[in-house]
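Just below is one structure, and these are the notes that go with it.
Letters A, B, ... mirror the listed sequences (proteins, then strands); counts begin at 1.
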Amino acid sequence: MPELPEVEITRRKLLPLFVGKRLLQLEHRDPRRYRHTERVAGQRVEGIRRRGKFLLFALTEGWEMVVHLGMTGGFRLERTLHTRVAFQLEDQEVFFHDPRRFGRIWVVRKGDYQEIPLLLQLGPEPLSEDFRFHEFWLGLKGSQKPLKTLLLEQRLAAGVGNIYADEALFRARLSPFRRGRELTEAEAQRLFAALKKVLAEAILLGGSTLSDRTYQQPDGLPGSFQMRHAVYGRTGLPCPVCGTPIAKRVVGGRSTHFCPRCQGMHGLL
DNA sequence: CAGGGTCCCTGTAAGC
DNA sequence: TGCTTACAGGGACCCT
């Protein structure tokens, strides 16, 4: 699933393809999912930023194109069976591939995100200076929700999804069922540090490509962070630290992988 | 506000 | 072998 690391790798790979180029048009057949795309016609791409899992393309004349990859979205240099949008640039075409169609595109006036409420409510970027322990700690203290749920909400930190939430909790030795309010300051510090570490490492390794190869970089290369997964997708396999079989439970409607020994028995009793 | 459930989608894997 | 069902999940939305 594209989460912060995968979206960041995507952004870096897209820079040379898009920046400085004129977007002639976006060709697609789904105005419900890809909104107001006619507005890009003739605009030049000035840059690409990332906020959480969103890609923000700055266009000339005050327009901005916002792309969310959803669960299976990604850019490709070749047309595929699941090409949903063709980006026609002045010198080549780039394709948006999205088998499950959870991806979305909006073209808005720069900074006007009223159509994209999640983008407006996004928490700080976990790899930036805006990510401060004090606020993170206050956010945890103010909630009775399970840690897994809190991490997926995009409020404590932007861009964390199912894989990196599970991996960060494992590294912090915290049960996904623990409630924010219950954490000690030392535990919160562990989670804060683990999030930064796991996301930064994943970027260095090009993100996670699962066995379904859902995530690929635009040039078709896979990431390799999946080799470092300690818990995600490893149900029943031994914990790399203690050998206990990794458990899986549903938390907040998402499958959640954890080591019952290293992360405590919460939720298993 | 919190927590739970459903829906959107479709490829893949598991079960019969 | 071939068909059916379950499952995966980011996020919106609805209900209690």
Separation of [N] [atom2] from [X] [atom1] (nearest whole Å):
X        : N      : atom1 : atom2 : answer
A/Leu81  : B/dT12 : CG    : P     : 10 Å
A/Gln144 : B/dG4  : CD    : P     : 12 Å
A/Phe177 : B/dG4  : CZ    : P     : 11 Å

For this session: Could you pull out all residues at least two apart from A/Phe96 that satisfy ring-ring contact (aromatic ring centres under 6.0 Å, His included)?
Result: A/Phe75
Problem set entry | Listed partners of A/His28 passing ring-ring contact (aromatic ring centres under 6.0 Å, His included), at least two apart | A/Tyr34
For this session: Please identify each residue that fulfils side-chain contact (heavy atoms from CB on, under 4.5 Å) with A/Ala86, with sequence neighbours left out.
Result: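 With sequence neighbours excluded, A/Ala86 shows a side-chain contact (heavy atoms from CB on, under 4.5 Å) to A/Glu27, A/Arg79, A/Glu93, A/Phe95, given in chain and number order.
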For this session: Please identify each residue that fulfils side-chain contact (heavy atoms from CB on, under 4.5 Å) with A/Glu187, with sequence neighbours left out.
Result: A/Leu174, A/Arg178, A/Leu183, A/Thr184, A/Arg190
Exercise. Do the ring planes of A/Phe177 and A/Phe258 sit parallel (below 30°), tilted (30 to 60°) or perpendicular (above 60°)?
Worked result: perpendicular
Exercise. With Watson-Crick and G-U wobble geometry limited to distances under 3.5 Å, how should the secondary structure of DNA chain B be encoded in dot-bracket form, using | for bases paired to another strand and [ ] for crossing pairs?
Worked result: .|||||||||||||||
Exercise. Just to confirm, is there a sub-4.0 Å distance from OP1 or OP2 of B/dG4 to any side-chain nitrogen or oxygen of A/Lys145?
Worked result: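 Checking B/dG4 against A/Lys145, no side-chain N or O comes under 4.0 Å of OP1 or OP2.
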For this session: Would you please name every residue forming a salt bridge (Lys or Arg N to Asp or Glu O under 4.0 Å) with A/Lys110, sequence neighbours left out?
Result: A/Glu46
Problem set entry | Where at least one partner belongs to residues 233-244 of chain A, residue pairs that pass salt bridge (charged side-chain N to carboxylate O under 4.0 Å, His left out), sequence neighbours excluded |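 Qualifying pairs: none.
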Problem set entry | Nucleotide-resolved protein contact map, nucleotides 9-16 of chain C, B/S/- at heavy-atom distance under 4.0 Å | BBBS----
Problem set entry | A/Trp106: hydrophobic cluster co-members (side-chain, 4.5 Å) | A/Phe54, A/Leu56, A/Val66, A/Val108, A/Tyr113, A/Ile116, A/Leu118, A/Leu119, A/Leu120, A/Leu122
